[in-house]
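Structure first, then comments.
Below, read A as the first sequence line, B as the second, and so on, with proteins coming before strands; counting in each chain starts at 1.
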Amino acid sequence: MSRRPFSPKVVTANALLEGDAIWLTRDDRWTRNMAEAELITDEAVADDRLLFAMSQPDVVVGAYLVDAKDTGNGPEPIHFREDFRTRGPSNYAHGKQVEGV
Amino acid sequence: MYKYNEFDEGFVRERVSQFRAQVERRLDGSLTEDEFKPLRLMNGLYLQLHAYMLRVAIPYGTLNSRQMRQLAMIADKWDQGYGHFTTRQNIQYNWPKLKDVPDILEALADVEMHALQTSGNTIRNVTADHFAGAAADEIADPRPVAELIRQWSTDHPEFQFLPRKFKVAVTGSPNDRAVTKAHDIGLRMVRNDAGEAGYEVIVGGGLGRTPMIGKVIREFLPQAHLLPYLESIVSVYNVLGRRDNKYKARIKITVAENGLDEFRTRVDARFEQVRAQFKGFDQEILAKIEQSFAPPAFRSAPETDYEAARSKNGAFRAWTDTNLAEHKAPGYAIVTVSIKAHGATPGDTTSEQMRVLADIAERFGHDELRISHEQNVILPHIHKSDLPEVYAVLRDNGLATANVGLISDIIACPGMDYCALATARSIPIAQEIATRFDDLKLEHEIGELKLKISGCINACGHHHVGHIGILGLDRAGVESYQITLGGDATETAAVGERAGPGFSADDIVPAIERIVQAYLEHREGPEEIFLETYRRVGMAPFKVALYPEKESAHAA
Ligand code: SF4
């Protein structure tokens, strides 16, 4: 039985203090700018990175893996929900779209 | 209005200081998120898409000016200068920081407010008719009873871990403005043939994944039996309710699976035990509570200024036509302040607007304000002679939109602009529909039309009971909007019927326009509102309007 190829992913979560969306970088930081996130193309690495994220309960809440695509300018979201998380709400200029991240 | 007694005050303060310690322990790492989450939810603190969200209860929707000003202060000091009024008479702050939340709760306690039991599997904020204590059609003010239920259910040891959340609504009027039939328990104050006051008890209503209209479990419950009877219902549910499946855990499923008769038999049996434990103390408390809801001292004054302003000023007249309701005291009116300016976010109020509303309430409105489940603010007691001045102040602050009950008076949940559970956005759809119909200058001609939008199947936007309901879904990674027609939130409650396949975000506004056009073509006259036309002609003409190609292909 052939497995479905692994689609590239990023690790994302909410920051414990502010509650806003954050992504895990290659050098183990959390960034508020998704373009700086680590795009993971290997399933075993993805599981490993998620465990790493979940081992930081004093920094992040609710870490999960989610599909992303490579654009040459860093990873970008595929699903509209993840897209909204990079910007903030559509009814006001609040959140990331004005925080200069 | 009701004032906290020492017990209420001490209890709320104690809970705030407990939560302060819990937040500290979370921040220093001694509590994990798994440990902390239930604790924060007990205090109304959610983690949403972009930030934490604090849900504050406004019991039975009633506020005084001091409380409203405090809500404004909190919005300015710890949030982005606004708050969102919800369909369950709560206010939500969308941007609090975790470390600030204990201070916010303390500020709420200063004005006798809290965020307790606005989440979790408990008895939630008790809601009531937003015209309570003012409506001309009212048998009695439902708020004393709502307050009694609040006191009974807050921190009730048996009911902190129910199978699922539990919502109670009360109305004192035959015209149901509190959506009692879509609650776990709905109470309608009635009088029996002997003229005694009591309640019609409705059980097992609810929206969400499996929408159901509540069923009458007791046609007439004497007033003195209320708490023991409620306790019996919740206690039978607590035992029978399914904890194995979240989607089957609400009381509506318990009642449906066991049958109303079986459920009633068990409640009656339980009631025989429970009522012995209530020794009339609850009635003494109720009598005390009732005193704090004594009506204000209404004054009598001529209404000539009001009539003169109406004939002189067309905009004022239009506003009085849509935004006033009949008051029980002569010379008075109930003012609904629309929080639905065309293109604005339904239910969102800036801190400045909150202060303006507080000022008006204090100057002209016997210091009373209400929040409606339709996400508007009510000034329940305004003398008609003051209306021209009240209107002028509202207008200067962007609060005089004359659209109450019309198509742009939309209920919309926060949807995917904020809510972590959402499957699509609702706010932009509401904004576009309101703007479109304002451009068309058609909404007054259309007349009463309740449009309600939810951003997921949980139905916080009450879409099932909208005359037109819109449900936002995720269809293969694209926002898609499903339409239901013929829903009704009142005493003639009905769940809307699905019209057919959904529409994309771009196509949903034109689709709504086609529905309205079909209504205008088919109605017998302007006095037949949308819902009546729908009930008379059924779904067919609306389907033709919505899906022209498909329907003509079908006919060919
Ligand atoms: S209906 Fe869904 S999207 Fe809307 S507020 Fe409720 S849970 Fe969130």
I need the contact set between residues 55-66 of chain A and chain B: heavy-atom distance under 4.5 Å, sorted by residue number. A:Pro57, A:Asp58, A:Val60, A:Val61
Go through the steps for A:Asn91 and B:Gln431 under the test side-chain contact (heavy atoms from CB on, under 4.5 Å), then give the verdict. CA-CA 9 Å; A:Asn91 60 333; B:Gln431 291 174 307; 3.9 Å; yes
Taking NZ in B:Lys246 as the centre, count heavy atoms belonging to other residues, nucleotides or ligands within less than 6.0 Å. Is the count above 12?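 It does not: B:Lys246 NZ has 12 such atoms or fewer within range.
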Just by modelled atom types, is the A:Ser90 backbone N or O under 3.5 Å from a matching donor or acceptor in the B:Asp417 side chain?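 At least one qualifying donor-acceptor pair exists.
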For B:Tyr52 and A:Leu16, indicate whether the former's side chain and the latter's backbone hold a donor-acceptor pair under 3.5 Å.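 A pair under 3.5 Å: yes.
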Atom [atom1] in [X], atom [atom2] in [Y]: separation rounded to 0.5 Å?
| X | Y | atom1 | atom2 | answer |
| --- | --- | --- | --- | --- |
| A:Phe80 | B:Glu479 | CZ | CD | 4.5 Å |
| B:Gln48 | A:Asp20 | CD | CG | 14.0 Å |
| A:Phe84 | B:Leu49 | CZ | CG | 9.0 Å |
| A:His94 | B:Asp79 | NE2 | CG | 8.5 Å |
| A:Arg81 | B:Met416 | CZ | CE | 6.0 Å |
| A:His79 | B:Asp474 | NE2 | CG | 3.5 Å |

For [X], is it the side chain, the backbone, both or neither that has a heavy atom under 4.5 Å from a heavy atom of chain A?
| X | answer |
| --- | --- |
| B:Val478 | backbone |
| B:Ser30 | neither |
| B:Arg425 | side chain |
| B:Ala420 | both |
| B:Tyr82 | side chain |

Against chain A, work out which of B:Pro428, B:Ala344, B:Gly477 has the most heavy-atom pairs shorter than 4.5 Å and name it. B:Gly477
